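Presented below is the structure to which this report refers.
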Amino acid sequence: MICVTALVTFLTCMVLSEAQHEAGYCAFYEECGRNPLLGPTLIPPIVPCLNYSKARPVTGDHYKKLKQVCPILDRGENNTYACCSIKQLTSLETSLTLSKVVLIRCPSCAENFAHLHCITTCSPNQSQTVKVTKVMNVTYLGREKEAVVGYQAFINASFAEGAFQSCKNVRIPATGGFAVGTMCGRYGAKLCTAQRWYDFQGDSSNGLAPLDIDFRLLKEGDTTVLPEGVIPYSGTALKCNETTPSGGQVCSCQDCQESCPIVPPPPPPSDPLRLFGVDGFFIISVILFCLLVLAFLVFLIVSFMLRSKQRKSEEKHKTKCKDQNSNDVTQQVIYPSEVTCTDRISLAAHSFLSLLFQRWGTFIASYPLTVILVATAIVVAFSVGLKSIELTTDPVELWSAPSSRARKEKDFHDTYFDPFFRTNQVILTAPGRQGHIYNSLLFGQQNFSGLVSKDLVIQLLELQKRIQNIEFWSDDLNSTASLKDVCFAPLNPSNPSLTDCAVNSLPQYFQNSLDNINAKVNMTELGVTKEVDWRDHLIYCLSSPLSFKDITDLGMSCMADYGAPVFPFLAVGGYENDDYTNAEAFILTFSLNNYARDNPKFKVAMQWEKEFLRIVQEYQKDPACNFTFAYMAERSLEDEINRTTAEDIPIFMISYAVIFVYIAVALGEYSSWKRILVDSKVLVGLGGILVVGCSVLASMGFYSWIGIPSSLVILQVVPFLVLAVGADNIFIFVLEYQRDVRRPGEKREEQIGRVLGNVAPSMLLCSLSESVCFFLGALSTMPAVRTFALYAALAVVMDFVLQMTAFVALLSLDARRQDSNRCELLCCVTVSTQRPNKPNEGFLRPLMRKYYAPVLLNCYVRIIVMFVFIFAFCGCLFLMFHVKVGLDQELAMPKDSYMLVYFEYLYKYFEVGVPVYFVTRKGYNFTSVEGMNGVCSSVGCDQFSLTQKIQYATDYPDRSYLAIPANSWVDDFIDWLNPGSKCCRLYTIGPNTGKFCSANEPVWACTNNCMASPGDGVLRPSVEDFNRFLPDFLGNRPDLKCAKGGLGAYDTAVVRDESGEIIASRFMAYHIPLTNSQEYTAALKTARELAHNITLGMRNISGTSPDFEVFPYTVTYVYYEQYLTIVPEGLFNISMCLLPTFLVCCLLLGLDLCSGLLNLFTIIMIVVDTVGVMTLWGIDYNAVALINLVTAVGISVEFVSHMTRSFALSTKPTHAERAMEATANMGSAVFAGVAMTNLPGILVLALAKAQLIQMFFFRLNLVITLLGMAHGLIFLPVLLSYFGPGVNKAVLLQLQQAKSKASKELETRSNVGPTYDNMSYEDSETKKGQRL
């Protein structure tokens, strides 16, 4: 047997060596049946018969067929010779059609591709171009013949390179990739060359080539390997920007760079402001600092000079009197003519409010139980609305206004297209495993990472199947549910099986078959026999994911079991330069349909995802697991946010408890240990907390009544805000009452009313400023900010109302108990020790009066304070311009969340970002030729069409944030209609005659094409053909014979109304990997700019509606749109908050413009300094931060307004003395009521697990409180001592008249109680001492 085989081989070689290479002769002719060396292939491998003979003349049908398939060989019907039969032409046409499907977009490329194969198969000078290298005896039609199963083709390198250059940029619209990527085997598009391109075409193992063709590309003059008589074919290859001889137009820009117009690159991002090569904002801040310091120094100098000149003249108008220490002091004498109108208005406003609140307080204190019952009833009536409360947890509803552009675009997209599918993903790594180098027979040495190993691929497959086989009982379906009930099945959406579900993973390259992974076979290549296995198949598929058959003898497909390709970036991650086998991560993705929340299947999907998470978490704990991995389900974000909220509730409870204990202890009077249970204020403190709680409940209940939803942000922020406001007012009121002495003959209720008359105007000033501030803040377009502002505004109003009613009544009851010497918690127990008949100043007030205020308002300390705060303001102003805008999604997760690991893996291993759709609205005529040209990107299309502009943008991914061009259903529809693709045919026999016939139907049943071949290669259907065949295209499942079918890729991308008009369509591209909110925001901005440019261009096309629009959409845009406008939005909201603080302060202080301006300036400084510290502490500016900044304005009012009013009403002779009095009297109450109330509760929040709470509720609230305290208790007294308003002369005149009247009464009678004249406690003591 061996001898016979050797003899046959010898004779074959002799025959081949004797073959001549001369013009007009063929090397082979006619078909000899299947190639016996090949097994199952994608198309029948029909090989020619060895036949060294003259070329045959071609006439009749033979000539027509040749002219149709190989027009390059046409020399006229009576003058055309060829070396191929009509059967060979038919087989060649079938083979070329598979390639033309993807190359026909570029006529010159398609013609160049066919050109060479026509030369090697049919050229009349065939023997001069090819050399037969291998023949075999085959039996065909009962006769034994010699069949050619291998030959060499000698081609001039310039022709081959020209043909390759014309094809290398041809795109596949459905994927955005390059066609040569599917035609270059293991090398893919990036590494493909002319030689590698032709090597793949001649490789019979690819399932497409019927025999082995060894293409020899020879440079001009190279004859070293050239057999005698062989002349390398040196035809002229068409350039992609040239028309074809058959009339085909030049290729489009997307497929041919030489056809591209000169498009200027997009402008680079605007550079930050720079002056003299330095940060411009730094220069501005330095200049501002210098100006402010210079202005302050000038003010000091001018003030000193004026005081020196006026000192003598002022002494003439002073009289001598005694102070409380019997020291001689000077007191300015005020004459009625000196009192200005403004002073009178200010005094009138104060007197009116004081008298009003005095009478109100007396009335309320007289009927405490009735008032408490009425207040309780009102609160209950409001709070009943809580039964209808709606808590918004959907981030879209929270941060995106229904009227916002992104929200409208999302609603439009989700209305006409399926919502973005639900993603459930596992990213697996195997750190520490040793990689290896695989010496492949076909692909040479390849690096394989430790992860890409057979055992781990099998483990990944086991995990995948375990997840795929999830089953559970569903009450909503009333049956057992599984993945197929909720999965995204693009190619069989109506009735999917488990294998129809879109699961993207590396095992899909093996159709999820363990047998395919274990498959191995010996293969001979270039005389070398070696085993090929799963690694060879994987290398090939990672480079050619669209292949239906690899080039190994394994002969396996690369397509996933659900019928679609799995692109490498969806299967592996963490690789460089397309070195996929060296990847560091596997990616396993399950896609589910995204049902509406009211759809029963939504709960089924949520339940499946719950099971998915359970299985993955169990697998992670399995000791046999060799992976380190991260995972997420679509529900994970919401689950983790809800989990951390529930876990942090105790932290908030502890925070409130700490605040309550502090208030209860701090409000007490502790004059004696024996009276500690009598003088404590536990119930008053509890009442104050209840007032805050009731105001929040009433606010929430009211808005629930009228249908305005609440949110977790409101539940967390509003109580703190109202507590800060409420506690401050409580402390001011209670401390003022404790410091006051009941006058002889004055009832308890009257004393409470008088004290309330003293402090309520200040409480009204702050509460009114804050409530108006928040009501105006409700003008915000952000739902979360708007609802927060509404809830906060009403809560502040209710808090003030309840303080003026229920709390005053409660204090009246407590005062009654205290006067009776009854213990607080044991009311029946009394103590014998009497309450001292003197005011209780407490601890803070004497400390501030004796030590803090004198030191702070020392002339040198004041100058230092001004310099320090001016420097801080200018420095924070500089930092404010550098605050980061955004909110990274990791911050919404607790520190122990598995989602943080997932985000880390996502940013580290993913090579492509999220898909982005360019969506068209109604109003564009896709059916017209001009309309199609304005969208498509193939031959004959507009160079600035929709898809072409997106292509231009992807050339600059660092600026456009687009990585992969958009797919185009218009392009693929046109290619699908092209007769060259053989996709769209019509039945010519049977009951369906004249109807659409798919490519997999027999040729004899469908001989008519849907459309005729265009003369110029530019096919455009008529309006009738467009509307007739579009549904067939969208419903045609892609396969090997027609890869252009639209099912799966485009069936949901085109929406038509009942009349057939396209009312919505979309074109999908991909972003580059985006890793933070700044990049997401920039990507949205650039995508919108691109879409606007596309819109303007398409509106110029005739028949387009003036309101037609193209907009970009991806699932993240609705979250990040706010950051495009949040800076002006924030300025507007904060301005709206600052305005009422200024106006209310001016009005309630009697048109005191100076006080209002100082108030406003200090609050602005607090806000600016807060944003500056945010930059230093890494707190980004976003909607949550904006809510806190609005809160900062409200809390700043508490720190500032009380002090400003106290200063304005002081009658001390100098600014410094008035500032000292205000700091001692009101500063102590503000420190105890605002700063010390907030700080303990805020510090407890440092224990919260949620990073969002730690960042924006602990850090930011701590910053706000500390800065508010610093400005209110340090900067503001100093500022008032320099720039505060002068003494109200109307008040001085009133005081002067009261003293005169009191002196006359002392002369006529003794032991007469002093008349309250709104003087300070020191003045009261002075008069009391004089009377005694």
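None of the values given here were measured: they were computed from a predicted structure. Scope of the values below: all heavy atoms of this structure, side chains included, with no hydrogens, waters or symmetry mates.
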Open item on the list: Can you tell me if N577 has over 12 outside heavy atoms packed within less than 6.0 Å of its CG?
Closed with: no
Task: Heavy-atom neighbours of K549 NZ exceed 12 at 6.0 Å - done: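 Result for NZ/K549: enclosed.
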Open item on the list: Is any side-chain heavy atom of W197 closer than 4.5 Å to one of F113?
Closed with: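 Yes; the side chains approach each other to less than 4.5 Å.
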Task: Side chains of R56 and H62 in contact at under 4.5 Å (non-hydrogen atoms) - done: no
Task: Salt-bridge present (K1041, D1039; N to O < 4.0 Å) - done: no
What pair of heavy atoms forms the shortest contact from [X] to [Y], and how long is it?
X     : Y    : answer
T581  : L542 : CG2-CD1, 4.0 Å
G162  : A237 : C-CB, 3.8 Å
R34   : P44  : NH1-CA, 4.1 Å
M1011 : P979 : O-CG, 2.9 Å

Task: Check: Y151 ring centre within less than 6.0 Å of F28 ring centre - done: yes
Open item on the list: Would you say the ring centers of F510 and H537 fall short of 6.0 Å from each other?
Closed with: yes
- [ ] Determine, stepwise, if the pair D199 / Q195 fulfils side chain to side chain donor-acceptor pair (under 3.5 Å).
- [x] CA-CA 6 Å; D199 286 346; Q195 183 66 65; 2.8 Å; yes
Taking less than 2.5 Å as the test, are the sulfur gamma atoms of [X] and [Y] close enough?
X    : Y    : result
C83  : C26  : yes
C167 : C240 : no
C260 : C253 : yes
C109 : C251 : no
C70  : C122 : no

- [ ] Might you work through the ring-ring contact (aromatic ring centres under 6.0 Å, His included) test for F1033 and F973, ending with a clear yes or no?
- [x] CA-CA 7 Å; F1033 164 71; F973 178 45; 5.3 Å; yes
TODO: Please check if any side-chain donor atom of E258 sits under 3.5 Å from a side-chain acceptor atom of Q165, or the reverse.
DONE: no
For [Y], is there any backbone N or O sitting under 3.5 Å from a side-chain donor or acceptor partner on [X]?
X    : Y    : value
S544 : C541 : no
S166 : N112 : no
D74  : G76  : yes
S127 : Y25  : yes
S945 : C936 : yes
S204 : A209 : no

Task: Mutual orientation of the aromatic rings belonging to Y580 and Y575 [parallel < 30°, tilted 30-60°, perpendicular > 60°] - done: perpendicular
- [ ] Fit a plane to each ring of F567 and F569, take the angle between them on a 0 to 90° scale, and name the class: parallel (under 30°), tilted (30 to 60°) or perpendicular (over 60°).
- [x]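 Ring orientation, 0 to 90° scale: parallel.
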TODO: Could you go through the side chain to side chain donor-acceptor pair (under 3.5 Å) check for D550 and T552 one step at a time?
DONE: CA-CA 6 Å; D550 67 17; T552 73; 3.0 Å; yes
Task: Check against ring-ring contact (aromatic ring centres under 6.0 Å, His included), Y233 and F159 - done: CA-CA 8 Å; Y233 180 73; F159 171 83; 5.4 Å; yes
